[in-house]
Amino acid sequence: MERIDSLDKKILDIISVNARIPFKDVAAECGVSRAAIHQRVQRLIDQGVITGSGYHVNPKSLGYSTCTFVGLKLEKGSMYREVVACIKEIPEVVECHCTTGQYSLFLKMYARDNEQLMDILNNRIQGIPGVDSTETLISLDQSIKKELPINEN
């Protein structure tokens, strides 16, 4: 991966706050042409620095009021890939991390309510071959959500 320079960092700082900002506005703030911004952004995408863009949908607006984190202990660590393949089939799971420490996997998922949460846990997750046990933490409030700072080294 090529190193990113100060202009790249400034562009990333601007578009990470508002991905829909027109390139002409980014160019004006950076003091370069719109074409230069377009080329830089495309290069950052090609290099894998920018990995996505789009809209973030509030889960509550879709009726998902319960955000949970679930730690999974596996019977054997070697079952990781098979378990993850099954987890991918559960649409309410939005993140799955392979972790060190007490859990083999750590999930972030949403449920409409506690009844649906119990169904997902009991009938879908705990029934996956290789899942030994789970521990569920319900998020009461998301206090911070942000991107990493761009201009830090």
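For the numbers below, each heavy atom of this structure counts, side chains included, while hydrogens, waters and symmetry mates do not.
Under a 4.0 Å N-O distance rule, the pair K76/D132 does not qualify as a salt bridge. Using a 4.0 Å cut-off between a side-chain N of Lys or Arg and a carboxylate O of Asp or Glu, R124 and E92 qualify as a salt bridge. A salt bridge links D5 to R40: at least one charged side-chain nitrogen sits closer than 4.0 Å to a carboxylate oxygen.
Rounding to the nearest 0.5 Å gives a distance of 9.0 Å between CD1 of I37 and CD1 of I15. Summarising the geometry, atom SG belonging to C67 is positioned 10.0 Å from atom CG belonging to L140; distances are rounded to the nearest 0.5 Å. A distance of 12.5 Å separates OH of Y103 from CG of L74, quoted to the nearest 0.5 Å. Atom CG of L12 sits about 11.5 Å away from atom CG of L148, to the nearest 0.5 Å.
Using a 4.5 Å cut-off on side-chain heavy atoms (C-beta onward), Y110 and T68 make no contact. Looking only at side-chain heavy atoms (C-beta outward), V70 and L137 stay at 4.5 Å or farther from each other. Residues K108 and V93 have side chains not in contact (no heavy-atom distance under 4.5 Å, counting atoms from C-beta outward). Side-chain contact between D8 and R43 is present, with heavy atoms from C-beta onward closer than 4.5 Å. Between I14 and I150 there is no side-chain heavy-atom pair separated by less than 4.5 Å.
For the pair K10 (side chain) and E29 (backbone), a donor-acceptor distance under 3.5 Å is present. Within the 3.5 Å criterion, the main-chain N or O of R112 finds a donor-acceptor partner in the side chain of Q116. A distance-only check finds a donor-acceptor pair linking the side chain of S16 to the backbone of D13 [under 3.5 Å].
The aromatic rings of F106 and F69 sit parallel, their planes meeting at an angle under 30°, below the 60° perpendicular limit.
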Practice prompt. Go through the steps to decide whether I120 and M109 satisfy the test side-chain contact (heavy atoms from CB on, under 4.5 Å), and finish with yes or no.
Written response: CA-CA 10 Å; I120 295 167; M109 58 183 242; 3.5 Å; yes

